[in-house]
Structures are given as structure tokens and as C-alpha cells.
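Each chain gets a letter, A, B and so on, in the order its sequence line appears, and its residues count up from 1. The analysis underlying the following values was restricted to heavy atoms, covering all of them including side chains, and did not include hydrogens, waters or symmetry mates.
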There are 2 protein chains.
Amino acid sequence: MPQQKSEHIPRATIQRLAVYVQVLENLQREGTEVISSEPLAKACNVNASQIRKDLAYFGEFGVRGVGYYVKNLIASITSALGVDREWRTVLVGVGNLGKALLNHKEFRLRGFNIVGAFDCDPFKIGEEVSGLEVVCTKRLREMIGDNGAEIGIITTPPERAQRAANHLVEAGINGILNFAPSRITVPDHVNVEYVDFFHHLYALSFNITHPNTK
Amino acid sequence: MPQQKSEHIPRATIQRLAVYVQVLENLQREGTEVISSEPLAKACNVNASQIRKDLAYFGEFGVRGVGYYVKNLIASITSALGVDREWRTVLVGVGNLGKALLNHKEFRLRGFNIVGAFDCDPFKIGEEVSGLEVVCTKRLREMIGDNGAEIGIITTPPERAQRAANHLVEAGINGILNFAPSRITVPDHVNVEYVDFFHHLYALSFNITHPNTK
DNA sequence: CCAAATTTGTGAAATAATTCTCATAAGTTA
DNA sequence: TAACTTATGAGAATTATTTCACAAATTTGG
Ligand SMILES: NC(=O)c1ccc[n+]([C@@H]2O[C@H](COP(=O)([O-])OP(=O)(O)OC[C@H]3O[C@@H](n4cnc5c(N)ncnc54)[C@H](O)[C@@H]3O)[C@@H](O)[C@H]2O)c1
Ligand SMILES: NC(=O)c1ccc[n+]([C@@H]2O[C@H](COP(=O)([O-])OP(=O)(O)OC[C@H]3O[C@@H](n4cnc5c(N)ncnc54)[C@H](O)[C@@H]3O)[C@@H](O)[C@H]2O)c1
């Protein structure tokens with residue numbers, strides 16, 4: 001089990017570790033058992049020493065003269081990221097996107113188990129989606145007390161995201177994945193990640209418009 | 001119209017510009033007409049001089065002693081990003097996610113107009129989704145020649161993403177938004193952005209697991 | 001069992017990004 | 001119109017991240 005060696009780990013490193021896992025899993029699916037940092041770097045579009053430095057924050061996972069055992073490295077990185085366990089999550093806002101996510105099997109497969117679905121619309125409360133009964137947002141606190149969820153997913157309209165966040169924070173959640181296109185304010189101990197694919201489209205737009213500045 | 005002043009613009013700056021637009025649009029919706037870098041920074045969770053530096057890459061948009069006119073600043077940033085126009089896009093892989101995206105109105109509203117839907121499954125070809133007829137991927141090149149799309153969206157399974165990318169590149173696209181959880185290889189002139197919300201969940205998982213290292 | 005070939009892990013060097021500081025410009029008030 | 005207030009824009013200082021370069025470790029082949 002990898003132990004963290006250093007104090008501060010750059011956010012960029014965490015993002016890259018997620019990419020390494022993705023690429024390593026695809027390599028594993030294709031039958032690769034061992035890989036060295038050079039070809040892995042090429043597949044991930046980064047520098048080889050970048051990979052070695054990123055891994056060095058957590059321990060020594062390679063074999064000199066050989067490389068990395070794909071299976072072991074996946075296990076080491078997922079353990080370092082803390083994704084080698086079940087994370088219980090709840091979802092707030094059972095609209096189009098919320099329903100699509102509730103039906104998406106991959107969440108459970110990857111250990112992110114959605115165990116509660118909440119909405120404030122009286123017409124939606126009581127409805128069943130993907131085996132879960134939609135519950136009134138007001139009951140978030142009591143329900144999370146029961147099921148011990150730690151991560152909240154927000155899929156409400158943007159102007160409701162802050163309210164949903166407040167409910168989640170009050171209920172004791174300490175991580176939020178926000179799909180609504182608005183920033184939310186939470187206490188320091190609560191982590192927030194934003195998913196907004198327009199941000200990516202904007203980046204594409206910029207890079208296509210200014211090909212020289214890349 | 002803002003003119004780019006400097007050579008290289010950090011990727012992080014582009015990402016933040018997208019956040020600024022998002023926050024400014026929400027401020028505008030709430031009736032704010034002028035804002036200075038300090039409160040805007042607070043709302044975006046960044047440093048105020050960071051905002052001023054980011055904007056300085058593109059020109060001078062503020063008024064000393066006053067701040068920024070929200071409406072003007074939105075216009076300036078969107079123009080800098082190149083999103084003050086229509087971008088014609090095509091989508092490859094009309095499955096669950098692909099259909100959800102085709103039905104999502106926001107794309108057109110934001111100027112990213114999906115003008116073609118492609119799939120390789122003979123049962124899907126000919127089907128109509130959100131006013132578009134699903135066409136065989138093989139016909140990508142001829143169709144793009146007709147409709148002049150510049151951006152491709154990939155929503156195929158991960159092991160098919162590279163093939164889809166190859167088709168798109170051959171058809172002359174120069175930007176790809178890849179929702180499949182696999183990295184793709186493309187020529188230098190083609191820009192790729194990846195959307196993977198497991199990466200964000202992994203980041204949450206890490207930050208919750210190691211609260212001290214933040 | 002030793003030598004050659006690899007490839008890791010890491011401190012040092014080079015780059016890059018962020019934050020600080022303050023002169024300068026614009027607006028406001030009397 | 002002059003004094004005062006405010007907040008930008010830009011260079012300097014600081015801090016962070018990435019890349020380089022090489023010693024150390026391991027395997028493999030003779
Ligand atoms: N639909 C998509 O493909 C898509 C893609 C990207 C982002 N988004 C974003 O995701 C969010 C949801 O999109 P959607 O298309 O599902 O919208 P939607 O209107 O279908 O769903 C929103 C749901 O949130 C519920 N809600 C509103 N306020 C609430 C509150 N305070 N507490 C709990 N529930 C509340 C509503 O009752 C509704 O069921 C939006 O912010 C949208 O911008 C959607
Ligand atoms: N469904 C979700 O909520 C979701 C969320 C995040 C990411 N994703 C990812 O998005 C991708 C699609 O997911 P999905 O649930 O829509 O899967 P899906 O199986 O429903 O759809 C995939 C579609 O791609 C088509 N396809 C396969 N190979 C193709 C090719 N070479 N050219 C053109 N079309 C091709 C298939 O015929 C099918 O229609 C997957 O990679 C998945 O991991 C899905």
C-alpha cells in the first residue's frame with residue numbers, strides 16, 4: 001500500500017494520475033503486462049520524467065531496468081488516489097442529466113455508488129429512477145445520516161446549485177461534483193469539482209482560432 | 001475587438017477565462033453592471049491580480065478607479081476565446097450519451113451547432129435524432145465537405161475512439177471533443193479536449209482522503 | 001558470475017505561473 | 001478645478017512545476 005511521502009502534491013499531478021490509470025487500463029485490456037515510462041509517456045502525451053516524478057510523490061512502483069508492471073501500477077495509483085474502495089454518493093436534481101447519470105452503470109463499476117436521489121419538485125418526489133426513490137431535498141440530512149454518503153452530485157439548474165450545495169454541506173458531505181454551470185461557495189473542508197464541457201469547447205475554439213499560440 | 005498581445009498564453013489562463021465568462025453571465029443575470037477584479041476574483045476563487053494578468057494577454061478592458069463593465073467584459077472575453085461566432089460540429093457515436101447531447105439545447109444556444117450525426121451501426125443509420133438523420137461514419141468526409149464543420153464530438157465506446165478520430169481528421173476537422181475514456185493520437189494541427197468526469201471524481205476522492213495535502 | 005544493457009528515482013537546473021507592489025489613470029466631490 | 005478616492009495595468013519578486021542528467025538498481029546473456 002503506497003504511503004504518501006511528500007507534503008504538497010500539485011493538482012496537475014492528480015489530474016495526470018487519472019490519465020495514467022485510464023491509459024494503463026486500456027493497455028491492460030490489450031494485453032500489455034509491463035511498460036516503461038517512455039512509451040507510457042508517449043501514450044499519455046507527457047514527458048517521461050514527469051511520470052516518474054508524479055509517481056515518486058507516493059512511493060517506488062517501478063523495477064529498474066524493467067519498467068512498471070501494468071497491473072501493479074494501476075493498483076498503486078488507484079490506492080494513492082483513494083479510489084480502491086466504495087464511495088457512497090448522492091445526487092441532487094433528478095432532471096434530464098440527473099436521470100442519465102443515475103442510469104449510467106459505470107459509476108457503480110468504478111466504486112462510486114449513487115445511494116440517494118433528491119429533488120425539490122413535488123411531482124418528482126416518490127418517482128423511482130434506476131431503483132432509487134426520489135426523495136425531497138429537505139430530507140437530505142436525515143437520509144445521509146442513515147446511508148453515510150460522502151460525495152454529492154449537483155445536477156440542478158445553475159441558479160439552484162448554491163442552495164443544493166448548502167443542503168449537502170449541512171448534511172455533512174465533504175466532496176461535491178457540480179454539473180451546473182455556476183460556481184458555488186462552501187466551507188474550506190468541502191472539496192468541489194466542476195464539470196462543464198463548454199469550458200472544453202471554449203478551449204477548442206481558442207486553440208483553433210489561434211493556432212500559432214499553442 | 002481584443003487583439004492578442006503576447007506570444008504564448010498559458011492553458012490555465014484559457015480555462016480561467018471560461019470560468020470568468022460563466023461567473024460574469026450569472027452576475028449579469030442578477031443585474032450587476034460593473035464589477036472590479038477583487039469581488040470577481042472572490043466569486044471565481046482566484047487571486048485578483050490573476051484576473052488582471054489573464055485579461056492583459058488580450059488587451060485593456062477595465063476602467064481605472066471603476067472596474068469592468070460586465071457586459072463589455074463578457075463580449076471581450078468571448079471574442080478573445082473565439083466563441084462569438086457559430087461553430088459547426090458533428091457527432092460520432094449515437095448511443096445513450098450521443099443522443100443526450102444531440103437533444104441538449106444549450107449547444108446551439110452557445111453557438112456550437114451540431115450539424116451531423118454519425119454511427120457505424122446499420123440499425124442506427126437512417127434513424128432520426130433531434131432533427132438529424134444518422135449517417136454512416138464512412139460518409140463523414142463527403143458530408144463535412146458539404147457542411148463545413150470544424151469540430152468533432154466523439155461518443156463511441158473507448159476502443160472505437162481512435163477510429164472515429166481518424167475519420168474526423170481525414171474529413172478535415174481541426175478540433176475534437178472526446179467523451180470516450182481513452183486517449184487518441186492525432187496530427188499536430190488537430191486540437192483534442194477530453195471530458196471524463198471520473199477524473200473529477202478521482203480528484204475528489206484524493207482530496208477527501210488526504211485533507212492535509214491541499 | 002560478471003559485464004552490458006536498461007530504466008528507474010532523484011537532486012539540480014531551467015521554465016513557467018502566480019502574487020505582490022505601486023505608479024498611473026479615471027472618476028467624484030466640494 | 002483641485003484634492004481625494006479607487007482600481008487598473010505592468011514590472012518585479014516569489015513560488016511552483018517541469019525537464020534534465022545521471023547514479024543506482026535490476027535483469028539478461030555470454
Ligand atoms: N442535460 C444535459 O445534457 C446537460 C449537460 C451539461 C450540463 N447540464 C447542466 O446540468 C443541470 C441540469 O440539467 P438538466 O437538463 O437535467 O435540467 P432539468 O431542468 O431537466 O433538471 C433539473 C432538476 O433539478 C431540480 N431542482 C431544481 N432546484 C432544485 C433544488 N433546489 N433541489 C433539488 N432539486 C432541484 C428540478 O426539479 C429538476 O428536476 C443544468 O445546470 C444544466 O446546465 C445539463
Ligand atoms: N452514457 C453516459 O452517461 C456516459 C457518460 C460519460 C462517458 N460516457 C462514454 O461515452 C461513450 C459512449 O457511451 P454510451 O453510453 O453512449 O455508449 P453506447 O454504447 O450507448 O453508444 C456508443 C455508440 O457508438 C457507436 N459506435 C461504435 N463504434 C463506432 C464507430 N467506429 N463509428 C461510429 N459510431 C460507432 C455505436 O454504434 C453506439 O451507437 C463511451 O465511451 C462511454 O464510456 C458515457
For B/L40 and D/dG9, what is the distance between atoms CG and P respectively, to the nearest whole Å?
13 Å
Identify, with sequence neighbours excluded, every residue that meets side chain to side chain donor-acceptor pair (under 3.5 Å) alongside B/S49.
B/N47
Nearest-neighbour nucleotide for the A/A56 side chain, D/dA10, D/dT19, C/dT10 considered:
C/dT10
Just how far, in rounded Å, is P of D/dG9 from CZ of B/F61?
9 Å
From CD1 of A/I9 across to P of D/dA16 the rounded distance in Å is 14 Å
Quick check, are the ring centers of A/Y69 and A/F61 under 6.0 angstrom apart?
no
Partners of A/E86 by side chain to side chain contact (heavy atoms under 4.5 Å, CB included), sequence neighbours excluded?
A/R88, A/N113
Contacting residues from residues 21-38 of chain B, given that a heavy atom lies under 4.0 angstrom of DNA chain D
B/S36, B/S37
Between D/dA10 and B/Y57, is there an OP1 or OP2 to side-chain N/O distance shorter than 4.0 Å?
no
If I take atom CD1 in residue B/I51 and atom P in nucleotide D/dT8, what distance separates them, rounded to the nearest angstrom?
9 Å
Here the distance between atom C1' of D/dT18 and atom CG of A/N45, to the nearest Å, is 15 Å
For nucleotides 20-30 of chain D, just jot down a letter per nucleotide in 5' to 3' order: B, S or -, based on protein non-hydrogen atoms under 4.0 Å.
BB--BBBS---
Spacing of A/D54 atom CG relative to C/dT10 atom P, expressed in whole Å
13 Å
Output all residues satisfying side chain to side chain contact (heavy atoms under 4.5 Å, CB included) with A/N166, sequence neighbours left out; order by chain, then residue number.
A/Q162
Whole-Å gap separating C1' (D/dA16) and CD1 (A/I14):
15 Å
Mark yes or no: A/R139 above the aromatic ring of A/F118, with NZ or CZ under 6.0 Å from the six-membered ring centre and no more than 45 degrees from the axis.
no
Side chain to side chain contact (heavy atoms under 4.5 Å, CB included) partners for A/E25, two or more places apart
A/V21, A/I74, A/R110
Measuring to OP1 and OP2 of D/dT15, would you say a side-chain N or O of A/H8 lies under 4.0 angstrom away?
no
With sequence neighbours excluded, what pairs up with B/A43 under the side chain to side chain contact (heavy atoms under 4.5 Å, CB included) test?
B/V23
Within the structure shown, what part of the strands sits under 4.0 Å from A/R16 by heavy-atom distance: base, sugar-phosphate, or nothing?
sugar-phosphate
Applying salt bridge (Lys or Arg N to Asp or Glu O under 4.0 Å) to B/R64 and not counting sequence neighbours gives none
In short, ring pair (Phe, Tyr, Trp, His ring centres under 6.0 Å) pairs touching residues 167-186 of chain B with sequence neighbours left out are A/F197-B/F179
Expressed in angstrom and rounded to an integer, what is the separation of A/Q15 atom CD from D/dT17 atom P?
12 Å
